[in-house]
Amino acid sequence: MNQDKAPVYEALEEFRRNRVVPFDVPGHKRGRGNPELVKLFGKQCVELDVNSMKPLDNLCHPISVIKEAEALAADAFGAAHAFLMVGGTTSAVQTMVLTACKRGEKIILPRNVHRSVINALVVNGATPIYVNPETDKRLGIALGMKISQVQKAIEENPDAVAIFVNNPTYYGICSNLRKIVEIAHAHGMLVLVDEAHGTHFYFGENMPMTAMEAGADMSSVSMHKSGGSLTQSSFLLVGKDVSPGYVRQVINLTQTTSASYLLIASLDISRRNLALRGKDSFAEVQRIAEYARTEINKIGGYYAYGKELINGDSVYDFDTTKLTVFTLDLGLAGIEVYDLLRDEYDIQLELGDIGNVLAYISIGDRMREVERLVSALYDVKRRFRKDRTGMFDHEYINPTVVMTPQEAFYAAKEEMIPIRETDGRICTEFVMCYPPGIPILAPGEKITQEIIDYILYAKEKGCSLTGPEDEKVERLNVIKD
């Protein structure tokens, strides 16, 4: 297809030229009713915050320019069909799970998934069969799915209907996706892939394998992360054996009927940009990230890891655009380095957790900003280095699952128990550091002293904890005895 086209963007430009008089929503009427909105976002932006109408198509049932934009996206990503998503990759992930399985059915997945996956299980009542990932003993991070673990999960659960895979993890770790697809399809199971952090795989060279190339059935792609579209915009890709009509029905169960054309157009424009210029853009991203990795490792005390982690199984491949840096050898938790960079050096990183920070390098970055980051990290080491004694050394604790997420979430509960008194109880809610949004606890999991200690330590170090009803994360809701 002609990837020079951007049909939604072109339709909006035509709409602007026609100077249509609005007697529809939104009520700000091209900004006239809210001058502060115009001052903040600009006249051009606010004038294009419009509602669905015939010339602009309708995201719930596209028949013209949005349908064409989806066809162009499918072509660019090598998918049988693509859907423009305006509820973030969360909505794309949940659509995949709700499409693939229902109450009482099993889905095999790594436990280090984003909370959106388990949220979908709370909604549809499916049963998770967790493949607990190995952990890198030095870095403390969860790795990918080992093939032997996948095979074992399938042998023990031959009635499972789907397998869910991260490609890559937040930290850049990739599993052997092609082999997982091969095994799953041999057993009649669908393969769903969370590629929230893998948009660039589809357009760059020498990148890890994409879900569509591996033959997966569905993939959620966070275009706004490394692809350059506006925040909250994503693509959902499907393979040839999945009914796009049914997927659309599932999407429309939860997605807004008042989709933002700012988000839709940003997907259209960004797809065109990557289709035409992505190869060169991501070559530069890789060059910048590798330069930063090399320079940071020269500082000493930090470890910016890369392809040396590859072991052919639990780390089958590595995304070299991910600039993830291990900080514990400096006696500093990742979240402490994250806070120092923001508060002392005006540098905002993507993630800071117990042992790592992540600087997200993408198409908008330049070498001079990376040099500033390297210089700041050198100064952090010089000024703030401490003794490492007593620090936690892992990000992930394998949970014990007692009930399905749906059963636990809706069960009779004992509310607001002090967290220090919950050892041995069954949690009914989520607890996670955000980002990365991987639950420390999910509904239906047993609370242990190790998990309690981890949560308290993460709070002490300044991690942003989310999920529980208690916003201070001092108390948890548990299953009523």
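In this structure, the side chains of Thr324 and Tyr170 stay at 4.5 Å or more apart for every pair of heavy atoms. Side chains of Pro399 and Leu441 form no contact here, defined as non-hydrogen atoms less than 4.5 Å apart. Between Ile154 and Ile163, the closest side-chain pair of non-hydrogen atoms falls below 4.5 Å. Side-chain contact between Glu295 and Leu377 is absent, with no heavy atoms from C-beta onward closer than 4.5 Å. For the pair Leu456 and Arg420, the minimum side-chain heavy-atom distance is below 4.5 Å. Side chains of Leu139 and Tyr303 form a contact here, defined as non-hydrogen atoms less than 4.5 Å apart. Looking at Pro443 and Phe430, their side chains come closer than 4.5 Å, going by heavy atoms from C-beta outward. Contact check for Phe201 versus Asp319: side-chain heavy atoms found under the 4.5 Å cut-off.
Once rounded to the nearest 0.5 Å, the distance linking OG of Ser229 with CE of Met85 reads 13.0 Å. To the nearest 0.5 Å, atom CD of residue Glu450 and atom CD1 of residue Ile397 are 4.0 Å apart. We find the CG-CZ distance between Leu84 and Phe235 to be 5.0 Å, quoted to the nearest 0.5 Å. For the atom pair CZ of Arg111 and CD1 of Ile438, the computed distance is 9.0 Å after rounding to the nearest 0.5 Å. Note that NZ of Lys461 is 4.0 Å distant from CD of Glu336, once rounded to the nearest 0.5 Å. We find the CG-CG distance between Leu177 and Asp317 to be 10.5 Å, quoted to the nearest 0.5 Å.
Not a single donor-acceptor pair under 3.5 Å links the side chain of Asn167 to the backbone N or O of Val193. The backbone N or O of Ser226 lies less than 3.5 Å from no partner atom in the side chain of Thr199, so there is not a single donor-acceptor pair. Proximity of a side-chain donor or acceptor of Glu445 to a complementary backbone N or O of Cys427 within less than 3.5 Å is not detected. Side chain of Glu407 to main chain of Thr404: a donor-acceptor pair is present (N/O by atom type, distance under 3.5 Å, no hydrogens or angles). Side chain of Arg372 to backbone of Tyr345: a donor-acceptor contact under 3.5 angstrom is found. In this structure, Asp423 contributes its side chain and Gln449 its backbone to a donor-acceptor pair below 3.5 Å. When atom types are taken as modelled, the side chain of Lys381 and the backbone of Gly301 share no donor-acceptor pair closer than 3.5 angstrom. Looking at Gln255, its side chain does come within 3.5 Å of a backbone N or O of Val86 through a donor-acceptor pair. In this structure a side-chain-to-backbone donor-acceptor pair under 3.5 Å is present from Gln406 to Val123. The backbone N or O of Leu332 lies less than 3.5 Å from a partner atom in the side chain of Thr327, making a donor-acceptor pair.
Between His197 and Tyr360, the ring-plane angle classifies as tilted under the 30° and 60° cut-offs. Phe282 and His200 have tilted rings, their planes meeting at an angle from 30° to 60° on a 0 to 90° scale.
A pairwise comparison of heavy atoms in Ser116 and Thr90 identifies CB-CG2, 3.7 Å as the closest pair. Across all their heavy atoms, Gly144 and Ile173 have their closest contact at N-CG2, 3.5 Å. Between Asn124 and Cys101, the shortest heavy-atom distance links the atoms ND2-O, 3.0 Å. Residues Gly444 and Ile426 share a closest heavy-atom pair of C-CG2, 3.8 Å. Here the shortest heavy-atom pairing between Tyr338 and Leu349 reads CE1-O, 3.3 Å. Scanning all heavy atoms of the two residues, the minimum distance from Ile363 to Gly227 falls at CD1-O, 3.9 Å.
At a threshold of 4.0 Å, the pair Glu290-Arg293 counts as salt-bridged, since one of the basic side-chain nitrogens sits closer than that to a carboxylate oxygen. Using a 4.0 Å cut-off between a side-chain N of Lys or Arg and a carboxylate O of Asp or Glu, Glu155 and Lys152 do not qualify as a salt bridge. A salt bridge links Lys179 with Glu182: at least one charged nitrogen is closer than 4.0 Å to a carboxylate oxygen. With salt bridges taken as basic N to acidic carboxylate O contacts below 4.0 Å, none links Lys413 and Glu429. The pair Arg368-Glu371 does not meet the salt-bridge criterion, since no charged nitrogen lies less than 4.0 angstrom from a carboxylate oxygen.
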- request: Check the pair Met367, Arg287 against side-chain contact (heavy atoms from CB on, under 4.5 Å), reporting the backbone distance first and the verdict last.
  value: CA-CA 9 Å; Met367 190 64 79; Arg287 186 181 76 84; 3.5 Å; yes
Audit row: Val150, Val165, side-chain contact (heavy atoms from CB on, under 4.5 Å) steps and yes/no: CA-CA 10 Å; Val150 173; Val165 189; over 6 Å; no
message: side-chain contact (heavy atoms from CB on, under 4.5 Å), that's the test. Do Asp194 and His114 meet it? Break it down for me.
response: CA-CA 9 Å; Asp194 183 348; His114 189 264; 4.3 Å; yes
task: Verify side-chain contact (heavy atoms from CB on, under 4.5 Å) between Leu358 and Tyr171, making sure each step is shown before the conclusion.
output: CA-CA 8 Å; Leu358 169 61; Tyr171 302 93; over 6 Å; no
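Asn356 and Tyr305 share a side-chain donor-acceptor pair at under 3.5 Å. Remark: the Ser234 side chain and the Thr89 side chain contain an N/O donor-acceptor pair separated by less than 3.5 Å.
Shown are Glu414, Glu469, Glu415; of these, the side-chain hydrogen bond (donor to acceptor under 3.5 Å, both in side chains) with Asn477 is made only by Glu469. Of the options Lys386, Arg138, Arg385, a salt bridge (Lys or Arg N to Asp or Glu O under 4.0 Å) to Asp329 is made by Arg138 and by none of the others.
When the shell of 6.0 Å around NZ of Lys102 is examined, it contains 12 or fewer heavy atoms from other residues, nucleotides or ligands. Around CZ of Arg388, the count of heavy atoms belonging to other residues, nucleotides or ligands within 6.0 Å exceeds 12. The neighbour count for Gln348 CD, taken as heavy atoms of other residues, nucleotides or ligands under 6.0 Å away, is above 12. Counting heavy-atom neighbours within 6.0 Å of Glu308 CD, excluding the residue itself, gives a total above 12. By the 6.0 Å contact criterion, OH on Tyr316 is open, its count of non-hydrogen atoms from other residues, nucleotides or ligands being 12 or less. Surrounding NZ of Lys225 are more than 12 heavy atoms belonging to other residues, nucleotides or ligands, all under 6.0 Å away. When the shell of 6.0 Å around OH of Tyr457 is examined, it contains more than 12 heavy atoms from other residues, nucleotides or ligands.
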